[in-house]
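Below is one structure, written out as structure tokens; comments come after it.
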Amino acid sequence: MNRAHAVLDVQDLSVRFRMRGGRDIAAVTDARFSVAPGECLALVGESGCGKSVLASALLGLLPANAQTTGSAVLGGDVDLLTAGERTLARTVRGRRIGLVPQSPAAHLTPVRTVRAQLEETLRELTGARGPAAVREAAARASFPADHLDRYPHELSGGLAQRAATALALIGDAPLLLADEPTTGLDRDLVERTVDELRRHTDEGRALLIITHDLAAAERIADRVAVMYAGRIVEIADAGSFFGAPGPRHPYAKGLLDALPERDFAPIQGMPPELGSLPEGCAFAARCARADARCTAERPAFDGGLACHHGLTGSPQSLTKAAADA
Ligand SMILES: Nc1ncnc2c1ncn2[C@@H]1O[C@H](COP(=O)(O)OP(=O)(O)OP(=O)(O)O)[C@@H](O)[C@H]1O
Ligand code: SF4
Ligand SMILES: [Mg+2]
């Protein structure tokens, strides 16, 4: 993709947490990707691999013990990593990045109705007032007008998600950032939620969706970025990733093979501690393809892949679980 036209262009983004005793946690290392208008990039990977830390870095919401390097340029003119809290709060969050939260119930204010919250955000971000503007904002996220006077606790999980999405859409931000927007929803609601998000993408927004739900990623994404132990190890077109020829990175292949509707063969072992990463490939201890080079030398991320022995769609077993089975 042409980086010049990207809504978001991330280059070599790293996040380190400084811990007591001098030990650093390398939560994100050298992430590189971009997202174009009308495109959905799904960032997937096991729990604890750094997905939410990456999202927090983009929003300027990291805790004080975090150090970031690299760049994350929004709309060609603002580096989110150096912009400063004032700029991020006044011109970026809500206005240029719409945040679809992980837990809508927690994101919504419990003591105020959906209408009151939409009214306030409309006033703040667009200056619009009145019931028609509120109804229109709700309708954009398919939130039913006859539920506007309800409090968050009176909403189902799906409607709370729509209310949160309606709030995220008010600023007409060119980039939507959704961190696990379907957690806790049943399959039917997952599908409806991702279809809604896809619709907003088709209207021309860029969408970065973070999820460990690969079925949701397959349904919504144009491209997939796979993260392992803080690094993006593969970026691929969703069609070739989920279909033929399939993923090129053994870890990505392992993630897909673990799905119940595929081999249902989980990857054996655990990811390494982000505070003590191995010298070579972080996946080596779990990878059936690992050799001496893999344990000695970390593979560079090149051509959308970080692996010394990338796959070319061969059907052989690539993770220890599958190899041992
Ligand atoms: N404030 C912090 N200080 C130190 N370490 C942190 C801090 N916040 C996160 N981490 C560590 O960074 C790593 C990545 O966490 P992150 O929340 O990004 O994972 P994730 O990929 O979003 O996982 P999940 O799928 O469970 O949401 C974890 O090992 C976590 O313990
Ligand atoms: S083949 Fe080597 S470099 Fe590739 S994932 Fe396996 S251990 Fe890592
Ligand atoms: Mg997370």
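Whatever order the structure lists them in is the order used to number ligands and atoms, beginning at 1.
- Atoms of ligand 1 lying under 4.0 Å from at least one heavy atom of Asn65, given by number and element, are 3 (N).
- By the criterion of a heavy-atom distance under 4.0 Å, neither the backbone nor the side chain of Asp179 is placed next to ligand 1.
- In this structure, a donor-acceptor pair under 3.5 Å is absent between the side chains of Tyr251 and Glu234.
- Ligand 1 is never approached by Ile210 to a heavy-atom distance shorter than 4.0 Å.
- A side chain to side chain contact (heavy atoms under 4.5 Å, CB included) with Cys40 is found for one member of Val224, Leu207, Leu208 and no other, namely Leu207.
- Against a heavy-atom cut-off of under 4.0 Å, Ala27 is close to the following atoms of ligand 1: 12 (O).
- Among protein heavy atoms, the minimum distance from atom 13 (C) of ligand 1 is reached at Leu274 CD1, 3.5 Å.
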Would Glu46 and Arg286 count as a salt bridge (charged side-chain N to carboxylate O under 4.0 Å, His left out) here? Give the steps. CA-CA 14 Å; Glu46 281 165 304; Arg286 305 170 82 185; 3.2 Å; yes
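- For atom 24 (P) of ligand 1, the nearest non-hydrogen atom of the protein is Ser47 OG, 3.6 Å.
- Looking only at protein heavy atoms, the nearest one to atom 25 (O) of ligand 1 is Lys51 NZ, 2.8 Å.
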Atom pairs and distances, side-chain donor-acceptor, residues 139-147, under 3.5 Å, sequence neighbours left out:
{"unit_1": "Arg140", "atom_1": "NH1", "unit_2": "Leu169", "atom_2": "O", "d": "3.4"}
{"unit_1": "Arg140", "atom_1": "NH2", "unit_2": "Asp172", "atom_2": "OD1", "d": "3.2"}
{"unit_1": "Ser142", "atom_1": "OG", "unit_2": "Glu196", "atom_2": "OE1", "d": "3.4"}
{"unit_1": "Ser142", "atom_1": "OG", "unit_2": "Glu196", "atom_2": "OE2", "d": "2.9"}

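- A 6.0 Å sphere centred on CD of Glu85 holds more than 12 heavy atoms belonging to other residues, nucleotides or ligands.
- The shortest heavy-atom distance from Pro63 to ligand 1 is under 4.0 Å.
- Contact annotation for Glu180 and ligand 1: only side-chain heavy atoms (C-beta onward) come within less than 4.0 Å of the ligand.
- With a cut-off of 2.8 Å, the protein N/O/S atoms near atom 8 (Fe) of ligand 2 add up to 1.
- The protein non-hydrogen atom at the shortest distance from atom 27 (O) of ligand 1 is Ser52 OG, 3.9 Å.
- Counting protein heavy atoms under 4.0 angstrom from atom 31 (O) of ligand 1 gives zero.
- What sits closest to atom 10 (N) of ligand 1 on the protein, heavy atoms only, is Phe17 CE1, 3.6 Å.
- For atom 15 (O) of ligand 1, the closest non-hydrogen atom on the protein side is Val53 CG2, 3.8 Å.
- For Gly50, a nitrogen or oxygen atom sits less than 3.5 Å from a nitrogen or oxygen atom of ligand 1, counting backbone and side chain alike.
- Between His153 and Tyr151, the ring planes lie parallel to each other; the angle is under 30°, not in the 30° to 60° tilted range.
- Using a non-hydrogen distance threshold of 4.0 Å, Met227 does not register as a contact of ligand 1.
- Residue Arg90 places its CZ atom among 12 or fewer non-hydrogen atoms of other residues, nucleotides or ligands, all under 6.0 Å distant.
- A donor atom on one side chain and an acceptor atom on the other are not found under 3.5 Å apart for Ser71 and Asp79.
- Leu74 and Leu13 fall within the same hydrophobic cluster, defined by Ile, Leu, Val, Met, Phe, Trp and Tyr side-chain heavy atoms under 4.5 Å apart, directly or through other members.
- Where the criterion is an N or O separation shorter than 3.5 Å, residue side chain and backbone included, Gly48 meets it with respect to ligand 1.
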